[in-house]
Each structure stands twice: as C-alpha cells, then as structure tokens.
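Provided herewith is a single structure, encoded as structure tokens, for subsequent inquiry.
Note on naming: letters A, B, ... go to the chains in the order of the sequence lines (proteins, then strands), and numbering restarts at 1 for each one.
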Amino acid sequence: MKLKNLVLNTIGIFIFSTIFSGTIIFPEKAYALSGREIMEKVNERDDGDRSISEMEMILIDKKGKKRVRKIKTYGREKGKDSQSLMFFLSPADVKNTGFLTFDYDESGKDDDQWLYLPALRKTKRIASGDKSGSFMGSDLNYSDMTSPDLDLYDYTLMKETEVKGTKVWQIKTVPKTKAEAEKSGYSKSVVFIRQDNFMMIRAVRWVYKKKRNKYFDARKIEKIDGIWVSTELHVTTKSGKKTLHKTILKQNNIRFNQDEVNEDLFTIRRLEKGL
Amino acid sequence: MKKIIAKIEARFEQLGYFVFARRWHVILAALVLFGALASQVPNIVIDTSNEAFFEADDPILTQYDAFRDQFGRDEVVVVTIQPKDVFERQFLEQLKAFHEDLENEVPYLDEVISLVNVTSIKGEADELLVKELLEDWPEDEAGIAALKKDVLSNKFYKNLLISEDGTFTTVIIRSNAFTGEDTLTEDSEFGEDMFEDEGDSDSTENADVSELGEAPSDRISEQQNTEFTTAIASVVQRYTTPEFPTNVAGSPVMTGVLKDEMMRNIPRFTLMALGLIAILLLLLFRTPVGVFLPLLTVIMSLISAVGLMSLSGTPFTVVTQILPSLLLAVGVGYSVHLLTIYFHHVQRNGDKEKAIVFALGHSGLAIFMTSLTTAGGLISFVPAPLAPVSALGLFGAIGVLLAVFYTLFFVPAVLAVLPVSKKRIDSDSKRSSLADKILGGFGMFAVNRPWTVVLGSVLLAFVAVGGITQLRFSHDVISWFPEDNPIRLATEVVDENLKGATTIEFIIDTGKINGVKDPDFMQRLDDFNHLAEQWKPAASADYENLQVGKSSSIADTLKQIHQALNENQEEFYVVPEDRDLIGQELILFENSGSDDLENVVDSQFSQARITVKTSWADAGAYTEMIRQLEEIAHELFADAKEIIVTGLVPLLVRTIDLVMLSMVISYSAAALIITLMMILLLTDWRLGLWSMIPNFLPILMGLGLMGALDLPLDMASMLVGSIALGLAVDDTVHFLHNFRRYFHESGNVKEAVSNTLQTAGRAMLFTTVALSIGFFVYTQATLKNLFSFGLITGFTIIMALLADLLLAPAMMALIYRNQDANSKLKETL
C-alpha cells in the first residue's frame, strides 16, 4: 500500500512540477496568450466581406503641403485569398484609373495586379513580387495592406499596456529571414493590439535598410455592420524625430455585404469599364 | 614730435622697472592667460568642405542648403570599375556583393545606386515591369545577353552607370545632406507624443524653393563626411583586385583627402619652421636663453591664438592652415630685437634691471610699431567676404598682438628671474663684420648713386607690371594635388569615360501645383536637355575639353514609362501630349515602389529639377557655361516663377568671385591702413607717402613673378600681397626710425645711413631670413597652392629687404640732399 502511494505521489509531484516549472522556464511571461497566438487571432478577425467604400488619401510632405486623392474601393474575400478593385475619383487627371488586385494567401505566390489607364485605353499587368513598394505613393507599403504569413515571423509579447484608455498587448514582430524583411520592407515592428477586439491600433515599424521609422496610428475606429473598421489611419514616416512624410487614410461610407460586390466585379472587363 | 617719442620711450622704460619689480606676478599672469587659452586647443575643428568658404548668410549657400533640403545631397562618391567584361556572371556577382557591403557598412548613407538596383522600366506585350534592374538574376547566357542589350540601349543609364562603350560601370554612393539623431529602439517609450501631429499646415500654396526646412547645423559635418568616405574606401579596398579594378572619385572624397593633407601639413611645417628658426637663433645668440625665450614666446602666442579660434568656433581651413608658420616667423623678430639690446647691455654692465629697462626703452616702441603694421596688414583681411580669409586676418592679427604682449611683459620678467648669462656675445666676430660690410656696401652704393638705384627700381616696376598682366584667377581644388594623387587620377578617369561627375543644378519653379505635369512644360524640360547636351565652349576658350556630359530631369523618367507602356517601341520614347496621360503614368510610377521621383520633383509637382553633369575644371571655366545654360533656361521657361541655379559648380564659381573680391578689398585696406600708420609713425605725411614706395615695389615684383611663372592667383596665393606688405614694412620702420635719429644727430645722410645699417641692419637681416624661412618651408608642401604661396611670399620679403637696403637710402639721399638749407625739415624729425 505504502509503495503504491509513494509512486502515485511521486508521479503526481513530477507532473505538477513539470507544469509549474514550465511557466517559469519558458521565456515568455505567464499570460493567457502568446504573441503568436494573439497575432493569429488578429489575422482571424472578421474585417468584413463584400465591401464598398470611398477612400480618401491625404499625402502631406515635410513642408506640410497636401495632396488629396479620392478612390472608390471594392473588396471581396475568396476563400483565403482576397480581391480588390479601386478607381480613382479625383484628382481629375487620374479619374477612372483603375487597379485590380488578387492577393494570394499561398506562401511564395505573388500577387496579380492589373492597371487600367483611361488615357491610353489600355490595361497593363503589373509584375511585382515586391510588397515593399509604396501603395499609391503613400507612406503605406503593400505589405501593410495585407495579412502577413505568420510562419515567417517571430512574435514576442513584450507587455500589456494602454493606448488612449484601452488595454492593449505590445508585441514585437521580427521577420525570420532577410528575404522576408526585404520583401515586406521592414526589418522589425512593434505593434499594439487591442485586447477587446484584436484590432491593431498602433504600430511602429523599422524600414529595411534605411534609417527611418513608420508610425501607424488608427485615429478613428468604428463598428459598422458588426465589423470593427479603422476609418481614419495616420501613417507618418520619420527619420529620428523629423517627419519626412505623412499619409492620412480615411475610409468614408464603408458598407459590407453589398450585392453588387460579386465575382464578376473583379475582372479585367469590369476594370476597363471604369466607374 | 621728438618730445612725444621721448615720452613714450620713457614709458617703456618704466614698464621695464615695473616688470622687474613684479617679475613673478607678471610671469604668473602671463601663464594663467596662456593656460586658459591653451585649454581650448583640443576642441579645434578642421573644415575642408566647400561650404566653409562662405559666411553663414551668403545667399548662394542658403540657396544650396534649401536645394539639398528638398532634393538631397548632390555631391556623390563615384566608384568606377573596369573589369574585362561587365556583362559576365562572375563580375556581376562581385558587383552585387560589393553593392550590398556598401549598403551595410557605410554610415550616413542615403542610397547606393548601381546596375544592381537602378530602376528598370520595361514593357512587354501586356505587362509592365518596374523593378530593380538585377532583381531577377539572369539565369543563363541568354539572360545576360538580354541584360547587356537592355543596358546599352538605355539612354538613361548611359554615362551615368555605364560608359558609352560599355567597359566601365559605376557605383554611385550618396550620403545624407542632413543628419539627425537616430535613437528609436524597441525598448523606447512609445508615448502619445510620438503619434501626435506636429501642427497642421493648411497652406496649399507653394513655398519658395529658397525656404529652408533644415537648420544648417544639421548639415552633415566634416567628421561625418570623413566617416562616410573612410567606410567606402575600406570596402573598395577589400574588393579591388586586378579583375575588379576600381577608381574612387567625387567631391566628398576630395574634401576628405584635402583634410588629411592638411592634418599632415600643419604639424610638419610648424615643426620645420620651429627647427630652422631655432638654428638661426642659436647662430645669432650662441646661448640657450637666446633660443629658448623667443621660441617660447612665439609658441605661447600661437597656442593662445589657436585657443581663441577654438573658443570662437572658428575652424582651421585650407587658408588658416598657414597661421602657425606665419605667427612663428613674425613673432620671433620681436623678442630678437629686445634680446639683442638686452644681451649687449647686460654683458657690458652686468645689471639685469638696468639692461631690461634700457632694452625696453630703446626697442620697445619700435617693436610695438612693427607689430601694429603687421597686424594692420592682417586686419585688412577681416572685411573680406571669404570666411576663412577673414578668420586668418582676425586671428593672425590677434596672434601678432599676443606675441608682442608676451615679448614686452613675459620675456623681461623671465630675464629678470634667470641668472645672468656668463657667455659673452661676441659682437666683433668675423661673421658679423662681414655682414656689416655687405650691408654697409649696399647702403653706400645707394647713397652715392641714388638716381641709378631709383631708375633701376622704376625699370623693375615696369617689368613686374608686365608679369602682373599674365596673372589669372583660379579655384581648382584638384590642381592642388600632385599629378599622381589617386583622387586626381580617378577624377580624370571619370571625366574621360563617363563625361564627368560634377553637377550644375537648375530648379525651375512653375509657381503652380502640378505645373510640372503640363505636357508643354514637360516637353520644354526635354528640349532643355537636348540643348544643354549640345553645348560646346567657344573656340578660343582655355578649356576646349569642357563639355556637358548629360542633362537629365523628370522628363526622362516619363519618356521611359511612356515607351514601356507602348511595348518598348523606340518611337514612343517621347513626352506624351495628353495631360491626363502624364498624370496617370506618374501615378503608375508612384505605385511601383520606386522613390526616384523624390529626387527630381517636389511633392506638389510644382518644381522640377534639372541636373547637368559636366567634367571637372577650374571654377573660372564654368562661368561661361553657366551663363549660356542660364540663358537657355530663361528662354525656354520664360513663364516660370523662378529659376535657380545651384549645386557644387555654382558654389565653386562663387568661391572664385569671392577670391577676387577679397583680394581687391584686402589689398586696398592694407595699403590704406599701412600708409596711414607710416604717416603717423614718421609724423610727416610726405615722408610717410614716400616711405610706401619701398614697401609697394616688392609686392609688385612678387605678383609679377607669380604671373611670369604662370602660378595661379587663388585663395592661398592671393594672401601674399597683404601679408608681405605688413611684414615688409617692418624693415622700413626700423630703417626710418633709426635713420631719423642718426640724421638728427649728424645732419649727414651718408653717416646716418651707415649708422642705421650697422645697428638696425643686422636685426633687419635676421628677421628677413627668419621670415623667408617661415615661408619657403611651404615649398615642401604636397599641396601645390601652398607651394606658390610660400615661394612668392618668401621672394617678396627678400625683395623688401633689398628695397630697404638700396631704395630707401637712395630716396633719403635725394630727399635730404639740401639738408643744411632745409633746417625746418630737420626740426620736424
């Protein structure tokens, strides 16, 4: 009898201490979720489907001079991939210029993008595996507009903190390979995820191979049709403390589950029709 | 007048009593002053940048800063590589590794551009490719052949990244124009302030392109530029092999090399001058005190002056680097005069106090007067618009006054403290009597044949003027380096094979938002490029090799896009006529990820930049080119709000203008100041004016020699006139001061001249030798502009001595011919 108790107790202690020591030995703190897990939830977050919006892009140079562009945007999820169609509304010389983009989830598969120039009445396919390129000349990269492949990054939960009164997780994300850093355009980021809705509301990114940083700040977020949307995003590129350039991205009149947003919309034929 | 002089001399004697009585206090005070200034010396800065030549508020400089604030630094480092075959896999792989190492290791880097990452815009059937040229590595020989064809047919790459014959390729390395701190780390505090707006600007008007966004203090410093070029040099060295032969050119490198040369020169020449002067002093005084005290005095005044420079934030530049040798040579004379008389007296009477008093009484005034004239000559530089020249004038004058201060206070105090030297100063040695004989011989010849001397001088003056007409102004940093210097050779390689790397920048401000996108304006930008590239110098010009290598602007980028969108067909390499199309093509380009547009246009598309590339030449050669290109620009862009010409070349041209202006101002100022001083010192305005002839003639001869030897008149050699004037006049002062005294006693010109030369003559000879040594030392310089400065100034000083040994006595003989009849004149002396 005594021996059996002894053995059971020993096993119990062994199991207990393994579990217990695990939380001490692992480098991450004993939070409920790990950095990676949080980012998974961010990716999984429903950011809406079959959307239409009028995007307003304000570009501000270091002297404070502004340029404004208005773009009508349609978006659709196709399984794990996503599709978008954009038409410039203004300025006048680029009205009706259109971009059709297929963003593939599959690792290593490049995006497909087509551009329609009304003045030439031609559609050109744009080949670019490079997501480090700027989106429409703004401070955002293409990589900022799409979800990252989580397997290509190391995530470290740094701490819990607050942004404007709401609790957030502060997570460090670092690309695992130089190739990914080059491709995304960033060598490192610190992102701030809201604990209540898993939205990334702030980020600081280190630009790859340049002594610059980008500061992302979701100034306005709204719940529309049950979906949390960032309706005003400020992105500032700085060198040290000096602002080099800034973009304000506003999503006006965004609505989801629109009937007209279907498969036929995301075709070259529709692209060439214009607005 | 004599009374006033006697009074002043009496004051100097009183100074002698004071110093003797309070010798330890005086020594302490002098050492405290010295210590305070010397402590600042380690902070001294060396600045060899082109910007250092300008005052901070010079419009050319502020315009240049505004330009760089908008478009980045225009000065680049160009590394040329001439392998056996550029389009060969192994070389391309080396190039890529080289490029990447540069990106990783060079600090303050803005960008590295080479065939590896230059923007390639190509269209194929349905597809448009905007990417870095070697983003897709060529897989096989066919790929390489295609690459070669693309590169050689690309008009944009030609003479920028690849030579016309395809054998040279370049890597262009650009630093930041302005550097800021970079303190953000992952552990930083990401507070609200980081994400706040800096203050909204609602203005949509265009700012003047000459408005400054950066403070000049953020401009990349000498130190940082050196780190930049040194890092490049070390990467280059690692990769250079016979298969990867390199040349490194570009003005940032030039600035760095110049700084290295200076840092080597300054201590070298200072020590050389010190050594030679020490030897001279030993020969003269034959006692350690006679060597030690004068050297100590000049070293103290030099270090004090440098300390003041450091305190005021004034940097050492290519001009101020002559200050040490100048002060050494000049300052030594003062203590020599004092010590000569002191030793003479103390040997005879053995009483230190009396000797000090006597020495100060007899030579104090003359020493002080000569320091004033020298300082006067240097002060004449202060109003010069060339900043380093102005600094040299100010700190040179301060140094001279410090030297005289130390001589009149510190030296007597030390003498009072030291034991009396047992050694006799042999004033009757063979050597000195030989010197006296020669000096006397000159003087007597002049007095006996005054008209011969005067006519001979007039003749020499004419000859000199002939030489002066050959003089040419110059500012050509490259020519300062010896012919085999790597930077000089590299620049020649770049100029020959890539048609140059020196640029003139035009900014055309349309005054309207999106004004640049107007098809007509774009076409005119393109027209400008064609016209500029056709520019040739006039047939008679000195610089037939000068040419415009390339002119480029946003029009070129637009043409490339337009061609690519039309299946790469050659005939579409033109500016589109449709305004909307231009807007759309530019949006396309902005979307491609390339930030090339930042460099050629502002964000509002209201200001376009045109870069005109040319080979290196003397700054004066560009004047005509700039003028004609400006004419073309004003004709083509008559409706522009503003046209600005800036960049390195205009900076150089402006420098040469400032050299000329500085010369005119400082020579006039020196002539005026010193003439006035001579009038005051001699208390007779006629005599004062006459006395300037033996002072001006040597300057004329010096400049004449420069012209005859085809030595250029640049910012170093231009200093000759004012410096030499200030120094040459010392001899005249000593001569006339003593002549006047002896003439008053004897009433006989011959006797007076003879006595003058016997006493003051030896000191005049010594100071002339010391000074010419101080300047001939520069003929050993590796920098050629210093060579001509040293040679001519030394020559001029020797001529000044001869003028005072011949012309001055001759003039006295003629002026005081009827001395007995002219008793009034006698009384004024």
- Query: So which part of A:P118 gets closer than 4.5 Å to some heavy atom of chain B, the side chain, the backbone, both or neither?
  - Reply: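 Contact with chain B involves both backbone and side-chain atoms of A:P118.
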- Message: If we define contacts as heavy-atom pairs under 4.5 Å, which of B:K131, B:E192, B:M194, B:Q584 has the most with chain A?
- Response: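 Winner by heavy-atom pair count: B:Q584.
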- Query: Side chain, backbone, both or neither: which part of A:F216 has a non-hydrogen atom closer than 4.5 Å to chain B?
  - Reply: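 Only the backbone of A:F216 comes within 4.5 Å of chain B.
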- Task: Please tell me if the side chains of A:V163 and B:F190 come closer than 4.5 Å, counting only heavy atoms from C-beta onward.
- Result: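 No, side chains not in contact.
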- Query: Under a 4.0 Å N-O cut-off, is there an ion pair linking B:E590 with A:R67?
  - Reply: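 So B:E590 pairs with A:R67 through a salt bridge.
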- So what's closer than 4.5 Å to chain A heavy atoms on B:F605: side chain, backbone, both or neither?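 Looking at B:F605, just its side chain touches chain A.
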- Query: Who are the ring-ring contact (aromatic ring centres under 6.0 Å, His included) partners of B:H562, not counting sequence neighbours?
  - Reply: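 Applying ring-ring contact (aromatic ring centres under 6.0 Å, His included) to B:H562 gives B:F572.
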- Task: Evaluate the side-chain proximity of B:L128 to A:R125: yes if any heavy-atom separation is below 4.5 Å, no if none is.
- Result: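 Sidechains of B:L128 and A:R125: no contact.
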- Does A:K210 pair with B:E103 as a salt bridge, N-O distance under 4.0 Å?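 No, this pair does not count.
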- Query: Is A:R202 positioned over the aromatic face of B:F195, cation under 6.0 angstrom from the ring centre and no more than 45 degrees off axis?
  - Reply: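 Yes, A:R202 and B:F195 form such a contact.
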- What are the residues of residues 187-195 of chain A, in order of number, with any heavy atom under 4.5 angstrom from a heavy atom of chain B?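 At a heavy-atom separation under 4.5 Å, chain B is reached by A:K188, A:V190, A:F192.
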- Closest approach of A:D61 and B:S603, non-hydrogen atoms and distance?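 Heavy-atom minimum between the residues: OD2-OG, 2.7 Å.
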- Given a strict heavy-atom distance threshold of 4.5 Å, which part of B:N514 is in contact with chain A: side chain, backbone, both, or neither?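 Nothing of B:N514, per the 4.5 Å heavy-atom cut-off to chain A.
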- Item | Value rounded to 0.5 Å, distance of CD1 in A:I126 from CG in B:L588 |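 If I round to the nearest 0.5 Å, the distance is 5.5 Å.
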- Query: So which part of A:K124 gets closer than 4.5 Å to some heavy atom of chain B, the side chain, the backbone, both or neither?
  - Reply: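 For A:K124, backbone and side chain are both near chain B.
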- Message: Run the ring-ring contact (aromatic ring centres under 6.0 Å, His included) test against A:Y186 and tell me which residues pass, sequence neighbours left out.
- Response: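 With sequence neighbours excluded, A:Y186 shows a ring-ring contact (aromatic ring centres under 6.0 Å, His included) to no residue whatsoever.
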- Quick one: does B:N591's side chain get under 4.5 Å of A:L115's, heavy atoms only?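 No, every pair of side-chain atoms sits at 4.5 Å or beyond.
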- Query: Which atoms of A:T123 come close to chain B, meaning under 4.5 Å heavy atom to heavy atom: side chain ones, backbone ones, both, or neither?
  - Reply: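 Just its backbone gets close to chain B.
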- Message: Can you list everything that forms a side chain to side chain contact (heavy atoms under 4.5 Å, CB included) with A:K70? Sequence neighbours excluded, please.
- Response: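 Expected list: A:E56, A:L89, A:S90.
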- If we only count heavy atoms from C-beta on, is the A:L117 to B:L565 side-chain gap below 4.5 Å?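 Yes; the side chains approach each other to less than 4.5 Å.
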- When you look at A:K63 and B:Q70, which way does the side chain to side chain donor-acceptor pair (under 3.5 Å) test go after all the steps? CA-CA 9 Å; A:K63 292 204 169 77; B:Q70 175 72 53; 3.3 Å; yes
- Heavy-atom proximity to chain B below 4.5 Å, by part of A:W114: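 Interface part for A:W114: neither.
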